[in-house]
Structure formats: C-alpha cells, structure tokens
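To start, the structure itself, in structure tokens.
What's counted below: heavy atoms across the whole structure, side chains too, no hydrogens, waters or symmetry copies. First the proteins, then the strands, lettered A, B, ... as listed; each starts at 1.
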There are 2 protein chains.
Amino acid sequence: MDDERDVRRRVIEAADRLFYAQGIQAVGMDAIRSEARVSLKRLYSLFASKDDLVAAVLADRSRQWDAGISAAAASAEGPRERLLAIYDFLGTWFREDGFRGCAFINSFGELGGVSPQVAEAVREQKASFRRYVDDLVAEAGGPPALGAQLAILAEGAQTTAAISGDTTAAADARTAAETLITTALATSG
Amino acid sequence: MDDERDVRRRVIEAADRLFYAQGIQAVGMDAIRSEARVSLKRLYSLFASKDDLVAAVLADRSRQWDAGISAAAASAEGPRERLLAIYDFLGTWFREDGFRGCAFINSFGELGGVSPQVAEAVREQKASFRRYVDDLVAEAGGPPALGAQLAILAEGAQTTAAISGDTTAAADARTAAETLITTALATSG
DNA sequence: TTGCCTTGAGAACGATCGTTCTCTACTCTA
DNA sequence: TAGAGTAGAGAACGATCGTTCTCAAGGCAA
C-alpha cells in the first residue's frame, strides 16, 4: 500500500516534470494523474486545487535549488569560491537533459500577471537567493553593490541558456563574476 | 471607415497590451476583440488564428525593441557609450507603468515548451540582440567573450527588474558592464 | 426602390479544463 | 460470512476557449 507521503511526493515530482517541460497551463490535472499513477480522487484529497499543487511544486523546486547551491558551495573554500561555485552549479544544470530555464522565471512569465500567489512565490525565491549572494559578498568584504551584480549575472545566465540553448552562458557568467569580484575587492580593500 | 491597416495595428496593440499584462493563454480572443473594438469576424479575417496573432505581436515587439535600442544609441558617442546606452534604455523601460519584464522571456517561459513558433521567435529576437552587442564589442576592439557577458547582464537585469520590481537593476548592470568593458579593453589592448 | 454584397454582433459548436460524482471492487472487522 | 468503509476508474458537470455560423442591418449599383 502506498504511504500518503510517497504518493504526495510522486504527485509533486510528476507535476513538476510536466509543468517544467510544457508550462503550467498546458498541463491538465488528468495528465498529472496519469503521470503520477494516482486516481483523481486521491489527487484532490492531497491537494485542494491545481493552485495548491502549483504552490507545492514551486516550494519543492525552491528546496531543490537551495540544496543544489549548498552542495556546490560545500566543496568550495572561502566566500569568493563559494560565490563562483554558483556558476559552476548553473553549468552542470544547464547541461542536463530537458533543461528549459529557471522554473521560477518561467512561472512568473506565464502566471505572474494573473496569479498573486505564483508571483509572490517567485519573488520570495529570488529574494532568498539574493540574500544568499549578499551574505557571501559581505563575508568576502565586498561592497553591497557587488551582490546585485552577481545576482544579475546568475539570472541572465539562466535566461540565456534557456532560450539560446547555449550552455556556455554559465562559464561566461563565471568569468564576468571573477572580474567583478576582483575589481570590487581591489577598489574597496 | 477604418482602413485595414489601422484596424490591424489596433488589434496588434490591443493584443500586445493584454498578452503582456496577463500572459498569452490567459487572454481570450473575445477579450482582444473587445479591447480592439473589432468584430470577431474581422479579427479572423486579419489573422487566421490566435497563433498568427501571437506571431504578429512578437514581431511588432521585436521592431519596438530595435527602435528603442537604436534611439538610445543615437545620442551616444562611440561603441563603448552605445553599449552602455543599452542599460540606460533598460532603466527608463523598467520605470514605465505596468512593466512586467521582457515579453519574449515571458512568452518563452509560457509557451516555449509547447509552441515551436514562439520558441523560435524568441530565440531569433535574442540572437539578433546578441549580434548587435557583439558588433559593438568588436567595434570597440573588445574580445568576443565580452559580448556574451554584456548580453547576460542585460538579460539578467530584465529578469531581476521584472520579478523583484527593483528598477535599479539597470543601473547595477550598467556599472558591472563598465567594469567588464574597462577590464576587457585593458587586457586585450 | 430593389437586390446584392459586406459587415457587425453575438449565438453556436466542439474541444478541453478543473472539479465533483457515481459506481464498482475490495479490505477489514466482528 | 455480512456489512461498512475506502479507494480506484472514469463519467459527468459547468465553465471557458478558439473558431465558425447565423442573421439582421446597411451601403451601393442599376
């Protein structure tokens, strides 16, 4: 018998796969039901509505992102290397099969104008990443403006890789980040 | 009597307003009909399908973008200033009422996975911008990699401004661009 | 004026979607 | 074994969408 937690996880992962590949509105609850091998009744007992499921998927993506960034930072020494590890993490992500950009950016583009919940979830995810970068910049002794610059590079790399399919955007962003960090530390130090 | 060209323009502008504010799938043909004050019959005589209208709207957005970039570059002297003018252009755009990010990025996030036409239109728009940047970089005597970096900054500024609502992303990107250009020219020259 | 063609307004159609309901099969308890 | 409760499969419902069709009103040639 399937544990409720297992089923919940299976539904979230199935929905995430479909949403990410096709967009949220293009995926019906029935397709999610099929992909997750769950009855509609069970699906709606776990999530009250599609909006709820979307929120759960975004929350899960947020956890995955944090875990990925943390893992990439774990093998880096010092704040500067941990900052640069962000772009290495992006690079391996971009090369994954089926990569289609940042799910948060995509969701915002699709539903940010009509769904305040989605818009807020995306904003919070980006604000959280921004805080992470700012903290590392402060730890490295860099000026606050550097955090904004490095975050912009990360966002730009994601959109560029998604649209043009050019996975080298991560390496380009990393090179730019190195220059910006070096310059900022030389000026402020 | 309304000239066919006038009506066509009115429809494209109405559809663009609605698509940009709410997303493409969230806007029905009937809403466009109302906004443009055109009969459904006339709408379908001008555009064979919603897909055709979407393509026309994106093409029009592309022309607007080119015109805006050109206008911003017109008052700048030399390739370096024309490159930086891009970020000034972004800054004034970000501050406009109803700004909700780059329509191409948004459209790609919404329909890039299911509509090859939309995906291709967005790709072409971004490739065209990239060529523009690359040409200016070459004119300035910078290395090819600089073009990629500056384009990533522009994309990242658009995404950041859209989601966080932070209009200073343009200025942050401009500052970063100045550093990258200066460093690249000092190294290569 | 008469008849024809075009046009606008919106009803209608077929498809799809989110959500709920029905019905059946099955499991567990007493 | 009998009966109550649960869960799955999918039909059904109401809404909405893209698209087409109907029909009445109006302009224009003769």
Side-chain angles (χ1 to χ4, degrees), chain A residues 1-58 106-107 109-111 113-118 121, chain B residues 1-58 106-107 109-111 113-118 121:
Chain A
M1 186 45 77
D2 290 329
D3 187 341
E4 168 160 328
R5 203 147 336 158
D6 291 345
V7 176
R8 195 184 157 85
R9 169 133 305 275
R10 212 164 69 219
V11 169
I12 289 180
E13 287 175 358
D16 183 61
R17 269 195 302 278
L18 297 174
F19 287 163
Y20 184 67
Q22 307 173 31
I24 293 173
Q25 295 178 94
V27 175
M29 293 296 269
D30 203 65
I32 295 168
R33 184 206 73 79
S34 293
E35 176 87 2
R37 301 184 320 278
V38 168
S39 75
L40 269 182
K41 188 176 216 167
R42 191 116 192 229
L43 212 177
Y44 275 95
S45 78
L46 290 168
F47 304 93
S49 67
K50 188 180 181 181
D51 285 349
D52 274 26
L53 176 54
V54 168
V57 166
L58 289 179
N106 292 348
S107 301
E110 179 175 0
L111 294 170
V114 292
S115 166
Q117 310 167 46
V118 168
Chain B
M1 187 44 77
D2 290 329
D3 186 342
E4 171 163 325
R5 202 148 336 159
D6 292 345
V7 177
R8 195 184 157 86
R9 167 131 305 277
R10 212 164 68 219
V11 169
I12 288 180
E13 287 175 357
D16 184 61
R17 270 196 302 276
L18 296 174
F19 288 162
Y20 184 66
Q22 307 172 32
I24 293 172
Q25 293 177 98
V27 174
M29 292 297 268
D30 202 65
I32 295 168
R33 186 205 71 80
S34 294
E35 177 88 0
R37 302 184 318 281
V38 168
S39 76
L40 225 41
K41 188 176 216 170
R42 190 118 194 226
L43 213 178
Y44 275 94
S45 79
L46 290 168
F47 303 95
S49 66
K50 189 179 182 183
D51 285 349
D52 275 26
L53 177 54
V54 168
V57 166
L58 290 180
N106 292 347
S107 301
E110 179 175 0
L111 294 171
V114 292
S115 165
Q117 310 167 47
V118 168

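For the pair A:Glu110 and A:Ala26, the tightest heavy-atom approach, listed with the atom from each and the gap, is OE2-N, 4.5 Å. Between A:Arg8 and A:Ala56 the shortest heavy-atom distance is NH2-CB, 4.4 Å. Closest non-hydrogen pair, B:Val57 versus B:Ala15, comes out as CG2-CB, 3.8 Å.
Distance CD/B:Gln22 to OG/A:Ser115: 13.0 Å, rounded to 0.5 Å. Of the inter-residue distances, the one linking B:Asn106 atom CG with A:Ser107 atom OG reads 11.5 Å to the nearest 0.5 angstrom.
Residues from residues 46-58 of chain A lying near DNA chain C, meaning a heavy-atom separation below 4.0 Å, are A:Ser49, A:Lys50 in numerical order.
One interatomic measurement links the two molecules: CZ of A:Arg42 to C1' of C:dC21, which rounds to 19 Å at whole-angstrom precision. Spacing between atom OH of A:Tyr44 and atom C1' of D:dA7 amounts to 17 Å, rounded to whole angstrom units. Distance B:Asp30 CG to C:dG8 P: 15 Å, rounded to the nearest Å. B:Leu43 has its CG atom 14 Å from the P atom of C:dT7, to the nearest Å. What separates CG of B:Leu111 from P of D:dC17 is a distance of 15 Å, to the nearest Å. Note: CD1 (B:Ile32) to C1' (D:dC17) measures 12 Å, nearest angstrom.
Helix-axis bend for the helix from C:dT1-D:dA30 to C:dA30-D:dT1: the local axis fitted to the five terminal pairs at one end deviates from that at the other end by 20°, rounded to 10°.
A donor-acceptor pair is defined here as one N or O able to donate and one able to accept, closer than 3.5 Å; no such pair exists between the side chain of A:Arg33 and the backbone of A:Leu43.
Among residues two or more places apart in sequence or in another chain, the salt bridge (Lys or Arg N to Asp or Glu O under 4.0 Å) test is passed with A:Arg9 by A:Glu13, A:Asp60. Remark: B:Ser39 engages B:Lys41, B:Arg42 in a side chain to side chain contact (heavy atoms under 4.5 Å, CB included) (not counting sequence neighbours).
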Original post:
Passes side chain to side chain contact (heavy atoms under 4.5 Å, CB included), B:Met29 versus B:Ile32? Steps please.
Top reply: CA-CA 5 Å; B:Met29 292 297 268; B:Ile32 295 168; 4.2 Å; yes
**OP:** Any chance you could lay out the side chain to side chain contact (heavy atoms under 4.5 Å, CB included) test for A:Leu58 and A:Gln117, step after step, and finish with the verdict?
**Re:** CA-CA 11 Å; A:Leu58 289 179; A:Gln117 310 167 46; over 6 Å; no
Original post:
Could you write nucleotides 10-16 of chain D as a row of B, S and -, 5' to 3', where a protein heavy atom under 4.0 Å of any base atom gives B, of only sugar-phosphate atoms gives S, and otherwise -?
Top reply: -B-----
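The side chain of B:Ser39 lies closest to C:dA9, out of D:dT19, C:dT20, C:dA9.
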Show every donor-acceptor pair shorter than 3.5 Å between a side-chain atom in residues 46-55 of chain B and any protein atom, with sequence neighbours excluded, or say none if there are none.
residue	atom	partner	partner atom	Å
B:Ser49	OG	B:Asp51	N	3.4
B:Ser49	OG	B:Asp52	N	3.3
B:Lys50	NZ	B:Ile24	O	3.1
B:Lys50	NZ	B:Val27	O	2.8

